[in-house]
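All chains are named by letter (A, B, ...) in the order of the sequence lines, taking the proteins before the strands, and each is independently numbered beginning at 1. For clarity, every value in this text was computed on a predicted model and none was experimentally measured.
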Number of protein chains: 2
Amino acid sequence: MPHDHSELLHRVKTELPTDELLSDLSDLFKLFADSTRVKILYALFESEMCVCAIAELLGMTQSAISHQLRILKDANLVANRRAGKTVYYFLSDDHVRTIIAQGFEHLIEE
Amino acid sequence: MPHDHSELLHRVKTELPTDELLSDLSDLFKLFADSTRVKILYALFESEMCVCAIAELLGMTQSAISHQLRILKDANLVANRRAGKTVYYFLSDDHVRTIIAQGFEHLIEE
DNA sequence: CATTCATATGAATTACTGTTCATATGATAA
DNA sequence: TTATCATATGAACAGTAATTCATATGAATG
């Protein structure tokens, strides 16, 4: 007979956030789980930038950058403004800096 | 002729961490980018747990949990101890709490 | 030593995701 | 309006990653 954990399970279960919240949380971290997106966000820490400047900075195609910017925008991590033909992207939320900085700290404290 | 960003690019480029570091950073966030792993870590916030207890808590197979625990262990986010047949896993680093808590805060401040 | 429980692991499968390519949209200038 | 630049987007492709299944390892117990 397998061993019993019902007491522990009950206690831990009551402390665990809902599945939906935990799923939202992993979805949030997914945004930072790609080096292209992290690079884009890091670049935007310095200054707003247009799509082609980001593409040039990262040495990637305009299309690839555009796709990633869409993901970041859908998640409300970045926003944009249009100036003629050019579209400038910028951080829409300063919380992003904190999250990335926290990850960074973990890395250097190894 | 496409427009010029050389000044901006130069400035941003000097501020950007190396590709390797940015890649390590996204690799770190990848660990939190799966809801199963986030659930496991959250559970371990409360108490160390054996593999089968985690599997039962999350309603998943022992094998699936074992595979994920290996990923977390390889990344030094969890460690384990053996007690007879049972292997208990626990957080090896309290930094994990901070990173997850930061993500959580972002979610609720929406 | 054979059996059982707990865990680990390799291979296969399936689902997802990032990039590319081709093309569309949108804006400006000639 | 036509041409050009900047960006967006859909489809296809390729690589990745999570789960399952079968099985192996490792420890305790009879």
| Under the 3.5 Å rule, do the base of C:dA6 and the side chain of B:Q62 count as making a donor-acceptor pair? | no
| field | Base D:dT20 paired with B:H67 side chain (donor-acceptor, <3.5 Å) | value | yes
| said: Expressed as a whole number of angstroms, how long is the span from A:K30:NZ to C:dG18:C1'? | reply: 15 Å
| Expressed in angstrom and rounded to an integer, what is the separation of B:I65 atom CD1 from C:dT7 atom P? | 11 Å
| request: Figure out the CG/P separation between A:D34 and C:dC16, and round it to whole Å. | output: 17 Å
| field | Aromatic ring pairing A:F45/A:Y42, orientation class (parallel under 30°, perpendicular over 60°, tilted between) | value | tilted
| Atom CG of A:N80 to atom P of D:dT9: distance rounded to whole Å? | 10 Å
| field | Heavy-atom side-chain proximity of A:L91 to A:L77 below 4.5 angstrom | value | no
| Does A:R82 make a side-chain N or O approach to OP1 or OP2 of C:dG26 shorter than 4.0 Å? | no
| query | B:S66 near the nucleic acid: base, sugar-phosphate alone, or nothing, with a heavy-atom cut-off under 4.0 Å? | reply | base
| said: Both A:K85 and A:R70 contact DNA chain D. Which one's nearest nucleotide lies toward the 5' end? | reply: A:K85
| request: May I ask you to say whether A:D19 pairs ionically with B:K39, meaning some side-chain N is under 4.0 Å from a carboxylate O? | output: yes
| query | Is A:Q68 near enough to C:dT17 that one of its side-chain N or O atoms lies under 4.0 angstrom from OP1 or OP2? | reply | no
| query | Are B:L31 and A:L107 connected in the hydrophobic side-chain network, where two residues link if heavy atoms are under 4.5 Å apart? | reply | yes
| Is there a side-chain polar atom (N or O) of A:T36 under 4.0 Å from OP1 or OP2 of C:dT19? | yes
| message | When you measure from the side-chain N and O atoms of B:Y89 to the phosphate of C:dA6, is any distance below 4.0 Å, counting only OP1 and OP2? | response | no
| Atom CG of A:L72 to atom P of C:dG18: distance rounded to whole Å? | 10 Å
| task | Please state how far atom NZ in B:K73 lies from atom C1' in C:dA8, giving the value in whole angstrom units. | result | 10 Å
| task | Indicate whether A:H3 forms a stack on C:dC5; treat it as stacked only if centroid distance is below 5.5 angstrom and interplanar angle below 30 degrees. | result | no
| request: Measure distances between side-chain N and O atoms of A:S63 and base N and O atoms of D:dT9, and say whether any donor-acceptor pair falls under 3.5 Å. | output: yes
| field | Upstream residue (5' side of DNA chain C) when B:Y88 and A:A33 are each assigned their closest nucleotide | value | B:Y88
| field | Length of the line joining A:L69:CG and C:dT17:C1', which is rounded to integer Å | value | 16 Å
| message | It should be established whether B:T61 places a side-chain nitrogen or oxygen under 4.0 Å from OP1 or OP2 of nucleotide D:dT20. | response | yes
| query | When the distance from CG of A:D4 to P of C:dC5 is rounded to whole Å, what number comes out? | reply | 15 Å
| message | Please confirm whether the ring centroid of B:F32 lies under 6.0 Å from the ring centroid of B:F29. | response | no
